[in-house]
Amino acid sequence: MDCYTANWNPLGDSAFYRKYELYSMDWDLKEELRDCLVAAAPYGGPIALLRNPWRKEKAASVRPVLDIYSASGMPLASLLWKSGPVVSLGWSAEEELLCVQEDGAVLVYGLHGDFRRHFSMGNEVLQNRVLDARVFHTEFGSGVAILTGAHRFTLSANVGDLKLRRMPEVPGLQSAPSCWTVLCQDRVAHILLAVGPDLYLLDHAACSAVTLPGLAPGVSSFLQMAVSFTYRHLALFTDTGYIWMGTASLKEKLCEFNCNIRAAPKQMVWCSRPRSKERAVVVAWERRLMVVGDASESIQYKQLTIQVLLDRLVLRRLYPLAIQICEYLRLPEVQGVSRILAHWACYKVQQKDVSDEDVARAINQKLGDTPGVSYSDIAARAYGCGRTELAIKLLEYEPRSGEQVPLLLKMKRSKLALSKAIESGDTDLVFTVLLHLKNELNRGDFFMTLRNQPMALSLYRQFCKHQELETLKDLYNQDDNHQELGSFHIRASYAAEERIEGRVAALQTAADAFYKAKNEFAAKATEDQMRLLRLQRRLEDELGGQFLDLSLHDTVTTLILGGHNKRAEQLARDFRIPDKRLWWLKLTALADLEDWEELEKFSKSKKSPIGYLPFVEICIKQHNKYEAKKYASRVGPEQKVKALLLVGDVAQAADVAIEHRNEAELSLVLSHCTGATDGATADKIQRARAQAQKK
């Protein structure tokens with residue numbers, strides 16, 4: 001029995017633990033880990049070592065080296081550090097390495113040592129320098145907390161959406177705290193720090209002194225503290241050699257253990273087994289390792305989700321394995337295989353030793369029309385790697401023009417973007433490209449580009465008609481489009497010119513353009529409009545009233561209504577208004593005035609070119625049957641029946657219809673016969689029809 005339990009060690013009263021080697025590390029370290037800044041990512045993630053980090057005893061001429069290994073020590077990346085001194089390293093939840101420099105700059109690297117971006121923790125940190133830093137994780141993302149040389153804290157809870165918070169000052173703090181950490185409570189990041197025997201909790205608004213429940217007396221300083229991965233539990237090491245373990249809310253003590261060692265440990269971390277009730281704190285000194293356990297409460301730790309596992313395989317470029325897992329788990333294609341292939345393609349475009357044609361062909365052969373894969377995203381990655389031609393080739397496989405165009409514009413391939421936008425038939429997309437081209441090209445080149453794209457030219461003209469009239473005129477001038485230029489100046493004469501002189505000048509320009517376009521009708525009409533404007537101005541000066549901007553017909557009507565018949569007739573002669581139109585204008589105007597005497601004189605002035613039925617109709621419209629009857633007798637035979645019916649003389653209308661022997665007229669009169677009054681007339685019509693049928 002002893003041989004089976006020999007390597008197990010007691011952990012408290014009811015548990016045991018053992019330590020054994022899972023695998024050997026493959027790295028070949030040239031320096032001790034104690035001489036490096038070290039950051040190990042959670043969940044068996046990568047390990048970062050920054051060798052020779054600015055130690056006084058090291059030669060200043062030796063450049064530091066940043067190495068990244070897998071969890072088993074396989075080398076992933078190695079690069080000379082060419083930036084400033086680094087204070088702390090840490091991995092984000094996305095497995096990005098955050099390197100916090102002494103000047104407050106944070107440099108972000110990928111798993112394979114590729115530089116991603118950088119950001120600053122603010123001017124105050126820059127001025128006071130960084131004494132210490134922590135990378136921490138919350139439900140919002142990964143954050144960074146900074147302790148400055150002024151003994152103030154600054155943090156950002158999510159480096160993906162950088163918002164800096166300067167924490168409140170700790171009263172009387174003259175030196176760096178003996179230890180500190182970040183706690184996350186109620187969705188808010190706090191700083192817990194120790195100053196001598198006192199503990200302070202900083203939030204965004206205040207600094208509060210806190211006490212540990214059940215802490216053994218005699219503590220004059222806290223030397224180390226550690227928070228669990230879930231931020232639910234906290235451990236503190238005191239100068240009396242005790243380890244206090246409790247909840248991170250500082251409200252409950254779980255246990256307290258006397259290590260009988262008063263020296264500050266090098267490191268202290270929480271550990272546990274998944275789905276286990278057992279929880280422990282591992283404490284390390286220079287030559288001693290101690291495991292302090294507590295099994296008072298059951299905690300279920302969240303494990304890596306399938307998506308996170310796949311993401312980590314992709315980061316390690318283990319694409320075939322990731323695809324096999326997706327297929328085995330029967331994940332939806334968009335969430336599984338398609339996503340893996342898209343990542344593979346984005347990696348493929350970075351292989352600069354392969355030609356653009358070969359890379360584009362390989363990607364298309366592998367991806368084809370796989371749902372959920374965006375060729376434009378892959379092309380954007382190619383462009384970001386400096387491979388513009390490859391990006392263009394990849395965009396040829398993108399079926400959605402709306403995805404092609406923005407990247408083409410970004411790559412300054414605006415003319416190709418315009419062709420793609422036109423092919424899509426999306427006018428909004430075409431307008432977007434046109435406005436981009438307008439800002440990018442000089443006016444001449446822009447107009448020449450439009451000339452080669454009729455659809456784009458037509459759309460741009462529509463835009464200019466509402467937004468940029470002067471540009472529209474320039475377009476017509478460049479194309480020698482005199483017809484449209486004439487129309488442009490016609491519109492401008494009314495829209496832009498208020499003075500009569502300016503309006504006439506614009507009309508003259510329009511007339512000249514119409515002559516150049518060989519449109520004599522439009523030119524003559526424009527000249528007539530100029531004559532009319534001048535005449536209207538003269539009429540206003542001589543007669544008063546409002547004449548400007550009236551049509552020719554309305555001008556004549558206004559003169560008649562004002563009793564200026566001779567001027568109206570002269571105007572009609574000057575502008576060659578046909579007699580029929582003039583008679584209609586005068587008839588309507590006199591009827592509106594109810595000047596029945598003048599109307600009768602007018603009707604007798606000469607033979608009416610429009611006949612006399614209009615006189616009957618206009619009088620009836622004005623509810624004057626008496627005047628209408630005067631003209632009914634003068635109506636010609638072909639319209640006599642209609643005129644008589646309008647004035648209500650049904651019997652006479654019947655006689656005329658019978659005389660004409662016109663079936664249509666007989667039916668019309670019969671439809672007007674109502675009641676006993678017109679009974680005799682109706683009978684008369686029926687007898688006339690019967691006699692006509694016998695013949």
Side-chain angles (χ1 to χ4, degrees), residues 22-23 26 40-48 68-77 91-97 109-112 114 116 137-142 158 160 228-232 271-278 298-351 359-382 394 397-400 403:
L22 294 175
Y23 51 81
D26 290 333
Y43 299 114
I47 301 171
I68 300 176
Y69 299 92
S70 70
S72 60
M74 291 289 293
L76 298 177
W91 290 94
S92 73
E94 294 78 20
E95 292 195 316
E96 289 184 326
L97 180 63
Y109 289 85
L111 183 68
H112 299 281
D114 51 307
R116 299 287 177 83
H137 307 287
T138 72
E139 58 186 296
F140 305 110
S142 300
N158 182 6
S228 67
F229 189 72
T230 60
Y231 292 94
R232 295 182 181 178
C271 67
S272 76
R273 290 186 300 168
R275 297 179 297 279
S276 171
K277 294 182 179 181
E278 299 174 4
S298 172
I299 295 177
Q300 194 82 11
Y301 284 89
K302 294 182 180 179
Q303 303 303 300
L304 285 173
T305 65
I306 290 298
Q307 293 300 334
V308 174
L309 172 62
L310 292 174
D311 286 342
R312 298 199 169 195
L313 290 175
V314 165
L315 280 173
R316 289 156 178 77
R317 299 168 185 166
L318 301 174
Y319 305 109
L321 178 58
I323 289 174
Q324 287 180 347
I325 292 174
C326 293
E327 292 172 344
Y328 178 78
L329 296 176
R330 298 180 181 178
L331 295 179
E333 199 166 12
V334 173
Q335 298 176 13
V337 175
S338 296
R339 193 164 65 92
I340 305 303
L341 288 174
H343 281 289
W344 166 81
C346 289
Y347 166 68
K348 189 75 175 174
V349 301
Q350 300 176 48
Q351 298 179 342
V359 172
R361 188 184 310 111
I363 290 175
N364 181 244
Q365 288 174 351
K366 179 75 73 175
L367 270 59
D369 297 326
T370 303
V373 173
S374 170
Y375 280 96
S376 61
D377 290 344
I378 303 168
R381 180 64 64 88
L394 289 170
Y397 301 121
E398 175 58 62
R400 299 164 296 174
E403 298 295 324

Completion exercise
Of all heavy-atom pairs linking Tyr397 and Ala360, the shortest is CE1-O, 3.7 Å
Problem - Any side-chain heavy-atom pair of Leu367 and Trp344 under 4.5 Å - result: yes
Handout entry: Heavy-atom side-chain proximity of His112 to Arg317 below 4.5 angstrom
Key = yes
Problem - Spacing of Ile323 atom CD1 and Leu341 atom CG [to the nearest 0.5 Å] - result: 4.5 Å
Completion exercise
Residues at least two apart in sequence or cross-chain that pass salt bridge (Lys or Arg N to Asp or Glu O under 4.0 Å) with Asp114, listed by chain then number, are Arg116
Exercise for the section: Show your working on side chain to side chain contact (heavy atoms under 4.5 Å, CB included) between Thr138 and Asn158 and close with a plain yes or no. Expected result: CA-CA 8 Å; Thr138 72; Asn158 182 6; 5.9 Å; no
Practice task
Quick one: pull up OH in Tyr319 and NZ in Lys348 and give me the separation to the nearest 0.5 Å.
Solution key: 10.5 Å
Fill in the blank from the handout: d(Tyr69 OH, Asp26 CG) to nearest 0.5 Å is 11.0 Å
Practice task
Not counting sequence neighbours, which residues clear salt bridge (Lys or Arg N to Asp or Glu O under 4.0 Å) with Arg339? List them please.
Solution key: Asp311
Practice task
For Ile378 and Ala345, work out which heavy atoms get closest and say how close.
Solution key: CD1-CB, 3.5 Å
Handout entry: Heavy-atom check, side chain of Ile340 versus side chain of Leu313, under 4.5 Å
Key = no
Problem - 4.5 Å side-chain heavy-atom contact, Arg312 and Leu309 - result: no
Handout entry: Side-chain (Glu95) to main-chain (Trp91) donor-acceptor, under 3.5 angstrom
Key = no
Exercise for the section: Output, in order, the C-alpha distance, side-chain angles, deciding distance and verdict of side chain to side chain contact (heavy atoms under 4.5 Å, CB included) for Val359 and Leu394. Expected result: CA-CA 9 Å; Val359 172; Leu394 289 170; 5.8 Å; no
Practice task
For residues Cys326 and Leu310, determine if any side-chain heavy atom of one lies less than 4.5 Å from a side-chain heavy atom of the other.
Solution key: yes
Exercise for the section: Please report the closest heavy-atom contact between Ile47 and Ser70, naming both atoms and the distance. Expected result: CD1-O, 4.1 Å
Exercise for the section: Over 60° means perpendicular and under 30° means parallel, so classify the ring planes of His137 and Phe229, tilted if in between. Expected result: tilted
Practice task
State, to 0.1 Å, how close Gly110 and Ile68 come at their nearest heavy-atom pair, and which atoms those are.
Solution key: O-CD1, 3.8 Å
Practice task
Sequence neighbours left out, what passes side-chain contact (heavy atoms from CB on, under 4.5 Å) with Ser92? Give chain and number order.
Solution key: Glu94, Glu96, Ser142
Practice task
For the pair Glu398 (side chain) and Tyr375 (backbone), establish whether a donor and an acceptor sit closer than 3.5 Å, ignoring hydrogens and angles.
Solution key: yes
Completion exercise
What one should report as the nearest heavy-atom pair of Pro46 and Leu76 is CB-CD1, 4.4 Å
Practice task
Return the minimal non-hydrogen interatomic distance between Gln351 and Tyr347, and the atom names on each side.
Solution key: NE2-CE2, 3.6 Å
